[in-house]
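What follows is a short report on a single structure.
Residue numbers start at 1 and run along the sequence shown.
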Amino acid sequence: MTSGTAALQERRYRILVTGYAISSYGTFLNVVALSLYVYAVTDRALAVGVFMAVRLAAGFVAGLAAAAVLARWSPKGVMFWANVAQAAALLLLVLAPDGFRTGALFAVSAVVGASGTLFMVTLRSSIPDMVGEGRHTWANSLMVSGRSMAMVAGFASSGVVVSLLGYTAAFLVDMATFLVCALTVLLLPMPMSPARGNEEKDSQGKDVEGSQASQEEGADGQGRRRDGRRRVPAALVALGAVPVLGLMVALRGIDALGSSSHNAALPVYSTELDADNPAVFVSVFWCVWALGNVLVQQVLQRYTKRTGRSVGALGFGLGTIAMSGTFILAFAGLPWAATVLVALLAGAADGLTEVSYTSHLQTLPSPLRTHAFGLSATVENLGFGVGMIVVAAALDVFTPLSVVGVAHGAAIVLAMVYVARVLRGRGAQEAGEAQETHEAHEAQEAVPASEAREGKQGKQVEQGEQGKGESGAGPARGGHRDGAEVSGG
């Protein structure tokens, strides 16, 4: 790849990340504005919970279907229409008559949940194709940095936007952010047409995918395409394609459960600290958290640029332990200065785990990569959704510290098992490499003795040929020919 091509790829990716950050602002503004609007329309707290459940359920289903969608449509088309769908759903909500507002709200919840998951799975799995080899960590860091800043801006401005401009204006702002992101997707140098139109053909004119499927089916010889019944095994193949990947995805799901605990517990804990101004602690915590997240991305980018290495699977495990530990400390009633430091470290550890996890999954081949990210999104939505239900019930009985401690404590335990597995795998790999190096060294030491014997034999043959004169037609000197050739006379 030329430097000009790499620079163009980087510039277009930066534009896409800008669009993604803008749409992320709309997403986090949505979280607050839509939740408040659901309660204002229905006047029932249960409806807010159902609204969130519908959103998470739609994301869960979209994660399962992501690989099938990307098998039929190009990544560019999926990302474009995912943003357009969210914008259209919000427009539908704005235009919906009073009697249809509740139904429109839950339709928006489903569309936003499914489309947001499809967009993220597609973006993460397509980054290696967008930026080229060796740039994964940089690209992921840039993406996480943009989302972190957008999250703080979205949460911080949501109250102001809703209070001063109203719900309709908030929804229109959300809609505009998704349309901006859709426009940045159009600038990508990727086809919008369905992926099947670009499939390579074999010598008989059949799709390569079909040929591979027929080879895998083997005995039945029917050569069927991979249908829905083969997608689940493909996801399982993705889990087995990289060492400890299954445990890695499981840890991501438990981490999502831990995230649900601190998200639900923060408002409760903040109210206990200051009942008159409960938003202060929450706002300060998330702002400092985002600062730590952005700072660690700068460190990761410089580390990767200097060393040419990424933090890898081990960084994900260690980062999860640090992140869960700091989130537990955030609810321990520490002084303000210590809590700010804890929030900074929590954001840094969260950013480290996000980049290392995404970069590790991106080492998979393209088809398996899509299955892995789709399965990961499903597990994360499941963990967060179940966590929100369990944690909400637990907070009525137990303290925020105990609830967060149990949820994140489970993540720490599993992360320690994961780290032990990674270290054991590394030890086995290093032992294998050392054995191969030793065997290669022994082979190299055996070569000079063999060459000396061959040289001695060749010298004797040469002396014999000189005694016979030039009329001999024996093998060439050195004995390197196989003796089966007929000499040319």
Side-chain angles (χ1 to χ4, degrees), residues 14-42 47-48 51-52 54-56 58-59 62 78-98 100-120 122-123 142-187 263 267 279 282-283 286-287 289-290 293-294:
R14 286 182 182 275
I15 293 173
L16 175 63
V17 169
T18 301
Y20 167 64
I22 292 172
S23 70
S24 295
Y25 167 79
T27 298
F28 291 113
L29 180 61
N30 248 339
V31 169
V32 178
L34 284 173
S35 298
L36 292 173
Y37 190 64
V38 170
Y39 187 75
V41 170
T42 64
V48 179
F51 177 84
M52 182 61 70
V54 170
R55 182 170 182 167
L56 291 171
V78 173
M79 288 190 289
F80 175 80
W81 289 111
N83 282 283
V84 171
Q86 293 180 83
L90 288 166
L91 181 61
L92 173 66
L93 179 61
V94 170
L95 300 178
D98 290 341
F100 296 91
R101 289 282 172 85
T102 301
L105 273 169
F106 287 100
V108 168
S109 179
V111 171
V112 169
S115 299
T117 298
L118 279 177
F119 178 86
M120 282 308 303
T122 306
L123 174 60
L142 193 66
M143 177 186 68
V144 174
S145 296
R147 189 181 65 196
S148 298
M149 291 186 288
M151 186 190 79
V152 175
F155 282 151
S157 65
S158 57
V160 177
V161 172
V162 171
S163 300
L164 297 182
L165 302 178
Y167 290 111
T168 299
F171 297 150
L172 291 176
V173 170
D174 296 345
M175 183 183 71
T177 63
F178 293 121
L179 292 177
V180 169
C181 187
L183 290 176
T184 61
V185 171
L186 288 178
L187 297 177
N263 274 281
V282 176
S283 300
W286 284 123
C287 286
W289 174 92
N293 201 312
V294 172

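When all heavy atoms are compared, the tightest approach of Asn83 to Phe178 is CB-O, 3.3 Å. Contact between Val17 and Leu142 at its shortest, heavy atoms only, is CG1-O, 3.6 Å. Contact between Ala153 and Ser157 at its shortest, heavy atoms only, is O-OG, 2.7 Å. Minimum heavy-atom separation, Ala89 to Val111: CB-CG1, 3.8 Å. Here the shortest heavy-atom pairing between Ala62 and Ala114 reads CB-O, 3.5 Å. Nearest heavy-atom pair, Val162 versus Ala170, reported as atom, atom and distance to 0.1 Å: CG2-CB, 4.3 Å.
Here CG of Leu56 is found 10.5 Å from CZ of Phe51. Values are rounded to the nearest 0.5 Å. Taken from CD in Gln86 to OG1 in Thr27, the straight-line distance is 6.0 Å, to the nearest 0.5 Å. Rounded to the nearest 0.5 angstrom, Leu105 CG and Leu93 CG are separated by 5.0 Å. For the atom pair CE (Met143) and OG (Ser148), the distance works out to 9.5 Å, reported to the nearest 0.5 Å. Separating the CG atom in Leu183 from the CG atom in Leu16 is a distance of 12.0 Å, to the nearest 0.5 Å. Taking CZ from Phe171 and CG from Asn30, the interatomic distance works out to 7.5 Å, rounded to the nearest 0.5 Å.
Considering only heavy atoms from C-beta on, Leu172 comes within 4.5 Å of Val94 through its side chain. For the pair Val108/Leu92, no side-chain contact is recorded, criterion being any heavy-atom separation below 4.5 Å from C-beta on. Inter-residue side-chain proximity for Thr117 and Met120 is flagged as unmet; no heavy-atom pair is nearer than 4.5 Å.
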Where do Val173 and Tyr25 land on the side chain to side chain contact (heavy atoms under 4.5 Å, CB included) test, with the steps shown first? CA-CA 10 Å; Val173 170; Tyr25 167 79; 4.2 Å; yes

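Pairs of residues two or more places apart, or lying in two chains, never qualify as salt bridge (charged side-chain N to carboxylate O under 4.0 Å, His left out) while including a residue from residues 172-185.
Using modelled atom types, one side-chain atom of Ser24 and one backbone atom of Tyr20 make a donor-acceptor pair closer than 3.5 Å.
Counting non-hydrogen atoms of neighbouring residues, nucleotides and ligands closer than 6.0 angstrom, the CH2 atom of Trp286 exceeds 12 such neighbours.
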